[in-house]
K.L.:
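Quick one: the structure is below, questions incoming.
Quick note on labels: first sequence line is chain A, next is B, and so on, each numbered from 1. Worth knowing before you read on, the calculation uses all heavy atoms, side chains too, and leaves out hydrogens, waters and symmetry mates.
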There are 2 protein chains.
Amino acid sequence: MKRRRRFSDVLSRLKAAGLRPTRQRLALAELLFVGGDRHVTAEALYVEARAADIRVSLATVYNTLHQFTSAGLMREVVVDPGRSYFDTNSSDHHHFFFEESGVLRDIPGESVSLHGVPPPPPGTAISRVDVIVRVRNTQRSD
Amino acid sequence: MKRRRRFSDVLSRLKAAGLRPTRQRLALAELLFVGGDRHVTAEALYVEARAADIRVSLATVYNTLHQFTSAGLMREVVVDPGRSYFDTNSSDHHHFFFEESGVLRDIPGESVSLHGVPPPPPGTAISRVDVIVRVRNTQRSD
DNA sequence: GTGATTGCAAATCTTTTGCACTAAA
DNA sequence: TTTAGTGCAAAAGATTTGCAATCAC
């Protein structure tokens, strides 16, 4: 009953987040949350969903990713001008970004330590610290 | 002769970067590089240039910012989905990003120290590490 | 002159929105 | 029912591109 287990996991996850478990949200959540951490763009998830015979529109994919993000189930990662990535790992961690391929990879939050960040100005508080390690291929690429 | 000094500084800067010193590039460079570190979006620089009676198109502002960036005179900072910032400080440093206002502020590179970043995969090298400290207002804003 | 640069408008790309339709509670 | 969610197509931004006109060398 793996399939049923997955389904109910995802179902309770949506319920816990206060999101109505619609067919599209359930299907997208299953793609996203089953099988480890993922980093997707809206377009990529849309293509993947279609390939998996999930009937959903691109607009709904965008809406859903933002709803999941607002609900704390995902995190938006900004690394590429003109394209947003969404990360199924919403805990505190950092990223490698492979500039040539556009691939994002997690760096566990505990492994990195930061010192010397100045305090934020009065009246403000740090909401998040992003560390993005941009990586490029060593060998010729042109 | 402050004005003349600024002009020749900017002129040699462009020449050193191998960029033909056209009227538009000179004028934009003067806006950008005179008077401290700046963080601009293409649109904002365009508006500023027009206000300063610099006759330039938005397309040229985009082109120029990218040329300056390729030449190492500036740096592109990605913090906001759907909008690019360009930073006149191209040396190694980090940023505060004020989420409500969209303002970016430098954090000197020396003040922050990072430990524990895993080595990049074989065949790749770190091209840059960005630390972005996202900040929000403490008081109500809704 | 000659090739690089610019301006303009059109094109492209990503993301958002309006609204009639459908589905969950 | 009643309200939230969805699909579609259109709209909105940001950025890029094609090409004729213009400028630097």
K.L.:
Round to a whole Å and report the spacing from CG of A:Leu58 to C1' of C:dT17.
P.N.:
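To the nearest whole Å, that distance equals 13 Å.
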K.L.:
Without placing hydrogens or testing angles, list every side-chain donor-acceptor pair under 3.5 Å for residues 91-98 of chain B, not counting sequence neighbours.
P.N.:
{"residue": "B:Ser91", "atom": "OG", "partner": "B:Asn89", "partner atom": "OD1", "Å": "2.7"}
{"residue": "B:His93", "atom": "ND1", "partner": "B:Ser91", "partner atom": "O", "Å": "2.6"}
{"residue": "B:His93", "atom": "NE2", "partner": "B:Asp87", "partner atom": "OD2", "Å": "2.8"}
{"residue": "B:His93", "atom": "NE2", "partner": "B:His95", "partner atom": "NE2", "Å": "3.1"}
{"residue": "B:His93", "atom": "NE2", "partner": "B:Asp106", "partner atom": "OD1", "Å": "3.1"}
{"residue": "B:His94", "atom": "ND1", "partner": "B:Val131", "partner atom": "N", "Å": "3.2"}
{"residue": "B:His95", "atom": "NE2", "partner": "B:His39", "partner atom": "NE2", "Å": "3.4"}
{"residue": "B:His95", "atom": "NE2", "partner": "B:Asp87", "partner atom": "OD2", "Å": "2.7"}
{"residue": "B:His95", "atom": "NE2", "partner": "B:Asp106", "partner atom": "OD1", "Å": "3.1"}

K.L.:
Test of understanding: with side-chain contact (heavy atoms from CB on, under 4.5 Å), list the residues that count as partners of A:Ala42, not counting sequence neighbours.
P.N.:
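Testing A:Ala42 for side-chain contact (heavy atoms from CB on, under 4.5 Å), a comparison that skips the adjacent residues, returns A:Val61, A:Tyr62, A:Leu65.
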K.L.:
Are any of B:Ser84's side-chain N or O atoms less than 4.0 Å away from OP1 or OP2 of D:dT15?
P.N.:
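So the side chain of B:Ser84 is within the cut-off, an N or O lying under 4.0 Å from OP1 or OP2 of D:dT15.
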K.L.:
Is any side-chain nitrogen or oxygen of A:Tyr62 closer than 4.0 Å to OP1 or OP2 of C:dT15?
P.N.:
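It does, given that an N or O in the side chain of A:Tyr62 lies less than 4.0 Å from OP1 or OP2 of C:dT15.
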K.L.:
Please report, rounded to the nearest Å, how far the C1' atom of C:dA25 is from the CG atom of A:Leu14.
P.N.:
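Taking atom C1' of C:dA25 as the reference, CG of A:Leu14 is at 15 Å.
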K.L.:
Taking salt bridge (Lys or Arg N to Asp or Glu O under 4.0 Å) as the test, write out the residues that go with B:Glu43, two or more places apart.
P.N.:
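For B:Glu43, no residue satisfies salt bridge (Lys or Arg N to Asp or Glu O under 4.0 Å) once neighbours in sequence are set aside.
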K.L.:
Give a yes or no on whether a salt bridge exists between B:Glu48 and B:Arg38, defined as a side-chain N under 4.0 angstrom from a carboxylate O.
P.N.:
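Here B:Glu48 pairs with B:Arg38 in a salt bridge, since their nearest N and O are under 4.0 Å apart.
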K.L.:
Give the rounded distance in Å between these two atoms: CG of A:Asp80 and P of C:dC13.
P.N.:
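To the nearest whole Å, that distance equals 15 Å.
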K.L.:
Nearest whole angstrom, please: distance from the P of C:dT14 to the CZ of A:Arg83.
P.N.:
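It is 7 Å, rounded to the nearest whole Å.
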K.L.:
Can you tell me the distance, in whole Å, between the CG atom of A:Leu26 and the P atom of C:dA23?
P.N.:
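After rounding, the reported distance stands at 15 Å.
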K.L.:
Please pick, from D:dT15, C:dT16, C:dT15, the nucleotide with the shortest atom-to-atom distance to any side-chain atom of A:His66.
P.N.:
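Of the candidates, C:dT16 comes closest.
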K.L.:
Which part of the nucleic acid, if any, lies within reach of B:Pro81 when heavy atoms closer than 4.0 Å are counted: base, sugar-phosphate only, or nothing?
P.N.:
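Since no nucleic acid heavy atom lies under 4.0 Å of B:Pro81, the category is nothing.
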K.L.:
Between B:Glu76 and B:Ser84, does any side-chain donor sit less than 3.5 Å from a side-chain acceptor?
P.N.:
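The criterion, which ignores hydrogens and geometry beyond distance, is satisfied for B:Ser84 and B:Glu76.
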K.L.:
Name every donor-acceptor pair, under 3.5 Å, that has one atom in a side chain of residues 113-122 of chain A and the other anywhere in the protein, sequence neighbours excluded.
P.N.:
none

K.L.:
Could you tell me the separation between the CG atom of B:Leu45 and the P atom of D:dT15, rounded to a whole number of Å?
P.N.:
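Distance, rounded to whole Å: 12 Å.
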K.L.:
Would you indicate what B:Thr41 reaches in the nucleic acid, counting non-hydrogen atoms under 4.0 angstrom: base, sugar-phosphate, or nothing?
P.N.:
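Contact class for B:Thr41: none.
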K.L.:
Using whole Å, report how far CG of A:Leu65 lies from C1' of C:dT14.
P.N.:
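My rounded result for the distance is 13 Å.
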K.L.:
Grab the OH-C1' distance between A:Tyr85 and C:dT15 for me, whole Å please.
P.N.:
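Taking OH of A:Tyr85 and C1' of C:dT15, I get 16 Å after rounding.
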K.L.:
Among all residues two or more places apart in sequence or in another chain, which pass the side-chain contact (heavy atoms from CB on, under 4.5 Å) test with A:Arg23?
P.N.:
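Scan of A:Arg23 (side-chain contact (heavy atoms from CB on, under 4.5 Å), adjacent residues dropped) gives A:Arg55.
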K.L.:
If the sugar-phosphate is the primed atoms plus P, OP1 and OP2 and the base is the rest, what is the B/S/- string for nucleotides 4-11 of chain C, using protein heavy atoms under 4.0 Å?
P.N.:
SSSBB---
